Peer 1: 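Quick one: the structure is below, questions incoming.
Values reported hereafter were calculated over all heavy atoms of this structure, with side chains retained and with hydrogens, waters and symmetry mates removed. This structure is a prediction, so every number in the text was calculated from the model and none was measured. Just so it is clear: chains get the letters A, B, ... in the order the sequence lines come, proteins before strands, and each one is counted from 1.
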Number of protein chains: 2
Amino acid sequence: MRSNKQKKLEAKGWKIGSASDFLKLSPEEEAYIELKLSLCKTLKRLRTKKHLSQNDLAKMIKSSQSRVAKMEAGDSSVSLDLVIRSLFSVGVSKKDLAKAVSSAT
Amino acid sequence: MRSNKQKKLEAKGWKIGSASDFLKLSPEEEAYIELKLSLCKTLKRLRTKKHLSQNDLAKMIKSSQSRVAKMEAGDSSVSLDLVIRSLFSVGVSKKDLAKAVSSAT
DNA sequence: TTGCAATATGTCATATTTGACATATACTAA
DNA sequence: TTAGTATATGTCAAATATGACATATTGCAA
């Protein structure tokens with residue numbers, strides 16, 4: 001079972017290459033990353049639930065498939081803004097949003 | 001009493017200068033702006049509650065007073081990323097966050 | 001297998017967001 | 001009034017996020 005810390009490491013591009021595996025995140029950074037990953041997961045869940053391909057979603061938000069893939073992977077190059085805009089585009093409910101926020105570990 | 005539409009207009013820099021006062025926002029854009037404004041309001045509320053000046057908060061997040069002011073004003077030049085990072089820095093609770101999300105009109 | 005659609009990954013020029021700064025305005029207290 | 005502190009607003013070069021693209025990989029049906 002992967003630890004939460006490793007999960008955060010896997011947010012591609014974050015602190016990778018730092019000398020230590022025990023990357024020190026401030027509580028704020030940690031909360032931010034957890035929230036982001038939670039929302040990315042929600043996005044993927046809602047997209048597949050709606051039977052949309054990454055390409056479909058990309059067109060809806062006037063972006064590209066590769067960016068959608070990066071979003072869903074929690075890539076550090078993607079902003080929360082884009083993730084949240086995308087969530088609204090797939091019709092996320094306030095309830096689902098709030099749940100994703102609350103459940104961010 | 002200001003209308004919701006006006007409130008959104010006041011999100012400085014958004015669509016101002018367009019020919020019409022009746023700016024057409026897609027439901028997604030609308031939801032995004034409402035969420036942002038809701039979080040900006042929450043930030044200001046929590047900051048003042050903690051008796052922090054904008055300068056204090058700016059130092060905490062390694063930014064500047066002017067950017068904090070813009071954040072709290074809901075300026076369109078400020079990203080949700082920064083607002084949310086700031087919220088975490090002032091110690092927002094998951095509950096407060098979820099509430100701000102849910103209550104976004 | 002082969003073929004095709006979906007997804008992942010890397011790069012890059014352009015667009016947006018950034019902190020910093022100057023300066024204006026608002027609000028108290030002396 | 002004056003002085004001091006807080007907040008607002010405008011600008012800009014530097015930093016970061018962006019869509020687009022090429023290409024790799026996966027998964028699944030024929």
Side-chain angles (χ1 to χ4, degrees), chain A residues 7 9-17 26 28-29 32-33 35-37 39-90, chain B residues 7 9-17 26 28-29 32-33 35-37 39-90:
Chain A
K7 241 163 127 190
L9 251 174
E10 285 172 3
K12 315 289 178 53
W14 272 323
K15 312 263 185 178
I16 299 264
S26 70
E28 307 90 77
E29 289 173 316
Y32 169 78
I33 294 180
L35 175 60
K36 190 156 156 183
L37 293 182
L39 293 175
C40 289
K41 256 175 95 173
T42 302
L43 176 61
K44 181 162 196 166
R45 186 170 59 75
L46 291 182
R47 176 183 62 80
T48 54
K49 187 179 170 188
K50 287 213 163 186
H51 304 291
L52 296 168
S53 68
Q54 291 183 345
N55 229 333
D56 293 335
L57 174 55
K59 279 169 199 153
M60 290 165 65
I61 62 174
K62 298 184 211 290
S63 182
S64 59
Q65 177 269 325
S66 58
R67 190 132 301 274
V68 172
K70 277 158 194 158
M71 253 195 281
E72 294 184 349
D75 192 289
S76 66
S77 81
V78 178
S79 71
L80 246 186
D81 288 67
L82 188 61
V83 176
I84 287 181
R85 282 180 192 273
S86 302
L87 279 166
F88 284 134
S89 284
V90 299
Chain B
K7 239 164 129 190
L9 252 174
E10 286 171 2
K12 313 289 177 55
W14 273 323
K15 311 261 184 177
I16 299 266
S26 70
E28 306 90 78
E29 289 172 316
Y32 169 78
I33 294 180
L35 175 60
K36 190 156 155 182
L37 293 182
L39 293 175
C40 289
K41 256 174 94 173
T42 302
L43 176 62
K44 181 161 197 167
R45 186 170 60 76
L46 291 182
R47 177 183 63 80
T48 54
K49 188 178 170 188
K50 287 210 163 188
H51 304 289
L52 296 169
S53 68
Q54 291 182 344
N55 229 332
D56 293 335
L57 174 55
K59 279 169 197 152
M60 290 166 66
I61 62 174
K62 297 185 213 291
S63 182
S64 59
Q65 178 269 325
S66 57
R67 190 132 300 274
V68 172
K70 278 158 194 159
M71 253 195 283
E72 294 185 349
D75 193 288
S76 66
S77 81
V78 178
S79 71
L80 247 185
D81 279 78
L82 189 60
V83 177
I84 287 182
R85 284 178 190 275
S86 302
L87 279 167
F88 285 134
S89 283
V90 298

Peer 1: Between the side chain of B/Asp81 and the main-chain N/O of A/Leu80, is any donor-acceptor distance below 3.5 Å?
Peer 2: yes

Peer 1: Rounded to the nearest Å, what distance is computed from the CD atom of residue A/Gln54 to the C1' atom of nucleotide D/dT23?
Peer 2: 15 Å

Peer 1: Side chain of A/Arg47 only, heavy atoms from C-beta on: which candidate in D/dA6, C/dT7, C/dT17 is closest?
Peer 2: C/dT7

Peer 1: Hey, which of these two, B/Arg85 or B/Asn55, hits DNA chain D nearer its 5' end, going by closest nucleotide?
Peer 2: B/Asn55

Peer 1: Give the rounded distance in Å between these two atoms: CG of B/Asp75 and C1' of D/dT9.
Peer 2: 9 Å

Peer 1: Expressed in angstrom and rounded to an integer, what is the separation of A/Lys62 atom NZ from C/dT16 atom P?
Peer 2: 14 Å

Peer 1: Can a donor-acceptor pair under 3.5 Å be found between the side-chain atoms of B/Ser64 and the base atoms of C/dC21?
Peer 2: no

Peer 1: If you go through the side-chain atoms of A/Lys70, does one of them form a donor-acceptor pair with the base of D/dG19 closer than 3.5 Å?
Peer 2: no

Peer 1: Using modelled atom types only, decide if a donor and an acceptor are shared between the side chain of A/Glu72 and the backbone of A/Ala69 within a distance under 3.5 Å.
Peer 2: no

Peer 1: Could you state the atom-to-atom distance from CD1 of B/Ile84 to C1' of C/dT18 in whole Å?
Peer 2: 17 Å

Peer 1: Return the value, rounded to whole Å, for the distance between atom CZ of B/Arg67 and atom P of C/dG19.
Peer 2: 6 Å

Peer 1: With the side chain of A/Ser77 defined as its heavy atoms from C-beta on, choose the nearest nucleotide among D/dT18, C/dA20, C/dT18.
Peer 2: D/dT18

Peer 1: So if I take every side-chain heavy atom of B/Gln65 and compare against D/dT7, D/dT18, C/dT9, which nucleotide ends up nearest?
Peer 2: D/dT7

Peer 1: Under 4.0 angstrom, heavy atoms only, what part of the nucleic acid is B/Val78 near: base, sugar-phosphate, or nothing?
Peer 2: sugar-phosphate

Peer 1: Can any side-chain N or O of A/Asn55 pair as donor or acceptor with the backbone N or O of A/Gln65 at less than 3.5 Å?
Peer 2: no

Peer 1: Could you give the CD-to-P distance, from A/Glu72 to C/dA6, as a whole number of Å?
Peer 2: 14 Å

Peer 1: Closest approach to the side chain of A/Ser66, judged atom by atom: which nucleotide of D/dA20, D/dG10, C/dT7 is it?
Peer 2: D/dA20

Peer 1: For B/Asp81 and B/Lys44, find the nucleotide of DNA chain D closest to each by heavy atoms; which residue's nucleotide sits nearer the 5' end?
Peer 2: B/Lys44

Peer 1: Just checking, is any N or O donor in the side chain of B/Ser77 or B/Asp75 under 3.5 Å from an acceptor N or O on the other one?
Peer 2: yes

Peer 1: May I ask you to decide if A/Val78's main-chain N or O and A/Lys70's side chain share a donor-acceptor pair within less than 3.5 Å?
Peer 2: no

Peer 1: Would you kindly give the CE-to-P distance between A/Met71 and D/dG19, to the nearest whole Å?
Peer 2: 7 Å

Peer 1: Tell me whether the side-chain N/O atoms of B/Ser63 come closer than 4.0 Å to OP1 or OP2 in C/dG19.
Peer 2: yes

Peer 1: Could you give the CG-to-P distance, from B/Leu57 to D/dT5, as a whole number of Å?
Peer 2: 20 Å

